[in-house]
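All values reported here derive from a predicted model rather than from experimental measurement.
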Amino acid sequence: MMEVVNCWNTRLVKCGIICLLLFVQSAFAQEGFLSIQCCAPANFTEPSTNLSWISDETWFPENQSCIIRPVHKNTPYERARFFSSDIGHKWCYNLPTRIDQDYLVRGTFLSGNQVKALPHSSFVVLIGVTPLATVKSSSDELRVEGIFRATKNYTNFCQLNKKGKSYISKIELRPINPDYLKREPSEVLKLVHRVDSGNKGAEIRYPYDQYDRIWRPASNLDSEVTRIQPSIVKQANAETHRLLPPSLVLQTALTHPERLEFLHEDLDTEYHAYYLVLYFFEPNDSVQAGERVFHVYINNEKRLKVDILASGSRYLDVVLKFRANRAVNLTMIKASNLLQLGPICNAYEILKTMPRVKETAMEEVDIMVNVKMELLQHNQNNEILKSWLGDPCLPLPWHGLTCDRVNGTSVISQMNLSMGSFSGPSPPSIQKLMHLRKLDISNDGSSDTIKLFPSSSTFSARNSGRRRHLSNKLSKSIKESNSTADKGMANGKQNTSSAHKFVIGAAVGASLLVILAIIISMVCLYKRRVMAGPKFSMRSYSVTRNAVYSVPSTNTTLKSISIRNFTLEYIEAVTQNYKTLIGEGGFGSVYRGTLTDGEEVAVKVRSATSTQGTREFNNELTLLSAITHENLVPLLGYCCENDQQILVYPFMSNGSLQDRLYGAAAKRKTLDWPARLSIALGAARGLLYLHTFSERCLIHRDVKSSNILLDQSMCAKVADFGFSKYASQEGDSGTSLEVRGTAGYLDPEYYSTQHLSAKSDVFSFGVVLLEILTGREPLNINRPRNEWSLVEWAKPLIRNSRVEEIVDPTLKGGYHGEALWRVVEVALACTETYSTYRPCMADIIRELEDALIIENNASEYLKSLDSFGGSNRFSIERSIVLPPIKSQIESSSLLSNPAPPQPR
């Protein structure tokens with residue numbers, strides 16, 4: 001019977017959700033838009049845009065929480081809903097979305113002048129559980145806009161109260177061009193500015209913009225405004241460009257004979273990553289390629305050389321990524337005084353990038369939605385249930401819930417319904433919460449309190465074998481239910497004594513059988529796991545065997561990439577006869593140069609005394625002619641002339657990770673913790689690409705901090721592929737006759753067995769993570785003997801939870817404890833003696849992504865929680881469980897000896 005009721009309740013919940021989605025979708029099916037006017041008395045159509053608006057009564061039917069202002073000339077947003085409760089701090093609208101569709105979502109709020117009834121309010125706006133912006137009633141900011149990719153058939157748009165009451169006037173949801181998130185679909189983009197450079201009039205939006213993007217006029221119009229014929233722009237529209245603005249935006253442009261400059265000083269504090277999207281259209285049909293050429297600078301750093309007509313089209317859009325703190329200066333300067341035409345700009349967008357915070361496990365969310373619906377059947381006006389909105393765990397758990405993280409995802413671990421004064425039968429869906437450890441339904445003696453799990457419930461039988469701790473009062477409640485059922489057996493009181501003896505004997509016998517069965521099951525399970533091999537889980541620190549990727553054939557077809565063949569004369573010209581030396585390596589010297597098109601390059605010239613020869617040169621040339629990835633340094637060209645072997649790469653303006661951490665004083669610059677995490681993640685992604693390249697595992701063999709370079713945007717790129725080698729395939733011995741690598745980074749198992757695998761790169765990457773954590777080099781014989789090897793010094797301290805003793809002092813506590821511990825655990829797992837116990841790069845990336853999400857949101861995300869109990873930003877205490885490894889080989893001999901087999 002319980003199963004029937006449970007099934008029926010689940011169907012009711014699903015039907016209710018489907019009906020809600022159908023109702024909402026029917027209201028915006030024509031354009032694919034959803035437009036919500038909060039507190040509107042009825043649905044209506046806006047005359048200026050012809051957009052259909054609906055009321056938010058489907059989400060919040062009561063009108064007591066509405067602010068209604070008379071319409072004035074300068075106050076177009078006359079209605080708003082405010083939220084306030086002693087219980088709830090988060091208020092959400094669940095918006096219908098299609099999985100994998102990109103959306104623009106926009107919230108409109110009353111300005112400070114209009115919201116005098118809500119003074120000094122402050123709240124965080126979230127997409128799902130990812131913080132998008134903080135709104136303050138004292139600010140005149142009216143709109144908050146974000147771009148995201150839907151991961152399910154609805155997306156929550158929420159407000160988290162920090163101070164006072166939160167409020168909202170309008171919500172707009174629009175399907176958007178997928179090119180915005182093509183690079184990083186796991187990101188959320190926050191609109192900072194969308195500027196129509198040559199516009200002096202009003203905002204441009206729908207119906208002129210098919211996506212209903214709102215283009216604001218530029219505030220800086222000291223330069224000349226050029227107007228373009230609509231017929232010419234219409235021709236550009238026909239060319240179907242990816243991020244094309246509306247025709248009205250392209251019909252005006254800002255120009256200047258020498259330079260254009262746009263300054264924005266309202267960016268967020270602290271360094272964050274941003275996208276700059278630039279839109280150019282050449283208005284003069286007599287202009288040829290090469291006649292209007294200009295450079296684009298971001299915060300005085302040259303980033304791009306623009307010749308709009310070079311691509312054969314009169315339209316060009318460009319996306320640049322940059323990091324900034326508080327302000328950004330966008331400048332466009334004519335490339336040469338010999339040119340007649342200066343820079344031009346039609347429009348631009350600035351978008352802040354934020355990693356998307358992972359939401360609570362979907363099955364847990366669905367179960368809690370069902371629990372809420374089941375409770376609502378008998379508790380319609382319950383304040384606690386009204387506050388159960390959005391994600392059950394994040395950013396704050398629902399009232400009465402406690403959540404934990406399992407495999408990087410939030411799950412419900414405890415539930416306290418004792419303060420809810422609930423009435424009615426028990427919600428059957430609670431039985432499905434597989435991670436629930438503790439349930440408290442103790443009551444205060446009131447007769448209408450809910451009675452969970454009566455004697456007829458199958459809860460105990462269904463969950464045998466699952467660890468649960470129920471309060472004593474729950475046991476008492478169940479016993480009282482059983483005693484009620486026993487009243488019908490009063491006729492058997494004469495045989496009570498013998499019956500009790502029989503029951504006790506049967507219970508003892510059954511208990512012994514159960515204990516014996518459990519012991520046998522545990523022994524069998526243990527043997528099965530031993531036979532199957534250990535499995536890797538970063539959080540529990542267990543491990544899995546991971547053989548080298550199997551390869552179908554050695555004749556894998558490689559994608560051809562255009563690599564230029566430079567003459568020696570040209571190389572000497574671009575380097576000014578090797579004027580500027582920027583580095584030395586095992587291959588030879590590296591010089592700085594500038595190609596004729598203005599691109600700065602690093603030119604690596606093999607020296608006559610180099611330990612690396614033609615094989616390494618050909619190896620790098622062959623590999624980089626076949627692979628390309630944003631986290632791998634690309635090869636631009638080469639020269640092989642007069643016995644000279646030269647490789648040409650893009651110049652990495654921020655040097656190497658080693659330079660930044662502990663290099664020469666002139667190159668050393670303090671890296672904050674978020675930057676270090678971002679660099680580690682970028683390098684890990686580059687290595688994963690190598691390890692899974694074209695169905696073959698390509699092993700770098702020389703992963704180290706000096707081979708992780710940083711471009712102008714601090715994006716990490718793995719370099720130096722001279723020692724790279726494909727992993728052995730089935731049938732090969734897997735043994736490498738030459739052990740290659742660098743002392744301090746070399747995999748001890750690879751060194752002792754000469755067996756190469758992808759896990760050799762993993763060990764080296766673990767050493768790099770320790771460098772990032774500590775700011776120390778991997779080997780330093782000038783330190784005390786027990787500190788020569790970074791790995792051998794750090795691991796005992798980590799295992800004894802003394803992490804604070806190894807953290808780089810220059811970080812000065814500027815990290816979130818949970819994010820730091822994730823990296824510590826990854827580094828410890830990567831540097832295990834045996835490759836079997838190390839994770840693969842995909843596992844590492846998942847942990848680093850979680851760490852970066854936690855850290856990037858810590859300042860904004862956790863500050864918003866300070867008023868609800870504070871944050872643990874500086875807490876790094878944690879115990880660690882180690883895998884049961886019996887060492888058979890002493891690995892420290894290699895790491896404590898600085899002499900490598902093949903030094904670089």
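- The main-chain N or O of Tyr297 is never found under 3.5 Å from a side-chain atom of Thr331 such that the two would form a donor-acceptor pair.
- Under the salt bridge (charged side-chain N to carboxylate O under 4.0 Å, His left out) criterion, Asp56 pairs with Arg81, sequence neighbours left out.
- Annotation: salt bridge (charged side-chain N to carboxylate O under 4.0 Å, His left out) contacts of Lys321 (sequence neighbours excluded): Glu187.
- Looking at heavy atoms from C-beta onward, Asn631 lies in side-chain contact with Cys715 at the 4.5 angstrom threshold.
- Between the side chain of Asn346 and the backbone N or O of Asp196, no donor-acceptor pair lies under 3.5 Å.
- Here the rule is side chain to side chain donor-acceptor pair (under 3.5 Å) with Glu282, and of Arg292, Arg314, Gln288 only Arg292 fits it.
- Residues forming a salt bridge (charged side-chain N to carboxylate O under 4.0 Å, His left out) with Lys305 (at least two apart in sequence, or on another chain): none.
- Across all their heavy atoms, Ile127 and Gly146 have their closest contact at CD1-CA, 4.1 Å.
- One distance of note links CG of Leu267 with CG of Asn325; it measures 9.0 Å at 0.5 Å rounding.
- Between the CH2 atom of Trp215 and the CD1 atom of Ile204 there is a distance of 9.0 Å, given to the nearest 0.5 Å.
- Phe322 places none of its side-chain heavy atoms less than 4.5 Å from the side chain of Leu320.
- Under the side-chain hydrogen bond (donor to acceptor under 3.5 Å, both in side chains) criterion, Arg213 pairs with Tyr180, Asp209, sequence neighbours left out.
- Proximity of a side-chain donor or acceptor of Arg79 to a complementary backbone N or O of Cys39 within less than 3.5 Å is detected.
- Tyr274 pairs by the side-chain hydrogen bond (donor to acceptor under 3.5 Å, both in side chains) definition with nothing, not counting sequence neighbours.
- Distance check: Asn300 CG to Asn329 CG gives 6.0 Å after rounding to the nearest 0.5 Å.
- Within the 4.5 Å cutoff, the side chain of Lys170 has no heavy atoms near those of the Ser35 side chain.
- In this structure, Asn43 contributes its side chain and Ser55 its backbone to a donor-acceptor pair below 3.5 Å.
- If you check the gamma sulfurs of Cys66 and Cys38, they are not less than 2.5 Å from each other.
- By the ring pair (Phe, Tyr, Trp, His ring centres under 6.0 Å) test, Phe157 is found to be paired with no residue, residues two or more places apart in sequence or in another chain being considered.
- Between Pro131 and Val125 the shortest side-chain heavy-atom distance does not fall below 4.5 Å.
- Val144 approaches Ala133 most closely through the heavy-atom pair CG1-CB, 3.8 Å.
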Stepwise side chain to side chain donor-acceptor pair (under 3.5 Å) test for Tyr279 and Glu349 = CA-CA 9 Å; Tyr279 302 94; Glu349 293 174 283; 2.4 Å; yes
inquiry  = side-chain contact (heavy atoms from CB on, under 4.5 Å), that's the test. Do Phe83 and Ile168 meet it? Break it down for me.
reply    = CA-CA 9 Å; Phe83 302 99; Ile168 189 165; 4.1 Å; yes
task = Just do the side-chain contact (heavy atoms from CB on, under 4.5 Å) check on Arg98 and Tyr103 with the steps written out, would you?
result = CA-CA 9 Å; Arg98 293 191 298 272; Tyr103 288 92; 3.7 Å; yes
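- Residue pairs meeting the salt bridge (charged side-chain N to carboxylate O under 4.0 Å, His left out) criterion with at least one member in residues 99-110, sequence neighbours excluded: Asp102-Arg149, Arg106-Glu145, Arg106-Glu172, Arg106-Asp212.
- A search for salt bridge (charged side-chain N to carboxylate O under 4.0 Å, His left out) contacts involving Glu849 returns Arg685, not counting sequence neighbours.
- Listed by chain and residue number, His193, Tyr348 satisfy the ring pair (Phe, Tyr, Trp, His ring centres under 6.0 Å) test with His264 (two or more places apart in sequence, or in another chain).
- Cys92 and Gly390 make their closest contact through SG-CA, 3.6 Å (heavy atoms, listed as atom of the first residue, atom of the second, distance).
- Residues meeting the side-chain hydrogen bond (donor to acceptor under 3.5 Å, both in side chains) test with Ser286, sequence neighbours left out: Asn284.
- Cation-pi geometry between Lys165 and Trp91 is not met: the NZ or CZ atom fails to fall both under 6.0 Å from the ring centre and inside 45° of the normal.
- Residues Val249 and Pro246 meet the side-chain proximity criterion, which asks for heavy atoms closer than 4.5 Å.
- Ring pair Tyr93/Phe60 is perpendicular by interplanar angle, where above 60° counts as perpendicular and below 30° as parallel.
- The side-chain hydrogen bond (donor to acceptor under 3.5 Å, both in side chains) search around Glu258 returns Lys334, not counting sequence neighbours.
- At least one side-chain heavy atom of Leu126 sits less than 4.5 Å from a side-chain heavy atom of Pro395.
- Here the CD atom belonging to Glu855 is positioned 8.0 Å from the CG atom belonging to Leu852, to the nearest 0.5 angstrom.
- One side chain, Asp317 or Tyr315, offers a donor N or O that lies under 3.5 Å from an acceptor on the other.
- For Thr130 (side chain) and Val357 (main-chain N/O), a donor-acceptor pair under 3.5 Å exists by modelled atom type.
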ask   = Could you walk me through whether Met714 and Tyr271 pass the side-chain contact (heavy atoms from CB on, under 4.5 Å) check?
value = CA-CA 12 Å; Met714 295 298 288; Tyr271 277 93; over 6 Å; no
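- Atoms CG and OG1, on Asn94 and Thr155 in that order, are 9.5 Å from each other to the nearest 0.5 Å.
- Under the 4.5 Å side-chain criterion, counting only non-hydrogen atoms from C-beta, Asp268 is in contact with Lys190.
- When side chains are defined from C-beta on, Ser122 counts as touching Lys136, because their heavy atoms get closer than 4.5 Å.
- Evaluation of the side chain to side chain contact (heavy atoms under 4.5 Å, CB included) rule for Thr151 yields Arg356 as partners, not counting sequence neighbours.
- Partner of Phe294 under the side-chain contact (heavy atoms from CB on, under 4.5 Å) criterion, out of Asp307, Val306, Ile333, Leu341: Val306 alone.
- Looking at Ser166 and Asn161, their side chains do bring a donor and an acceptor atom within 3.5 Å of each other.
- Under a 3.5 Å cut-off, the side chain of Asn199 and the backbone N or O of Ala202 do form a donor-acceptor pair.
- Judged purely by atom type and a 3.5 angstrom limit, Thr97 uses its side chain to pair as donor or acceptor with the backbone of Lys152.
- Note that the CD1 atom of Ile36 and the CD1 atom of Ile171 stand 4.5 Å from one another [nearest 0.5 Å].
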message = Could you walk me through whether Gln712 and Ile298 satisfy the side-chain contact (heavy atoms from CB on, under 4.5 Å) test, starting with their C-alpha distance in whole Å, then the side-chain angles of each, then the deciding distance to 0.1 Å, before giving a yes or no?
response = CA-CA 10 Å; Gln712 72 277 4; Ile298 300 178; over 6 Å; no
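- Contact record, Thr255 with Ile344: CG2-CG1, 3.3 Å, taken as the closest heavy-atom pair.
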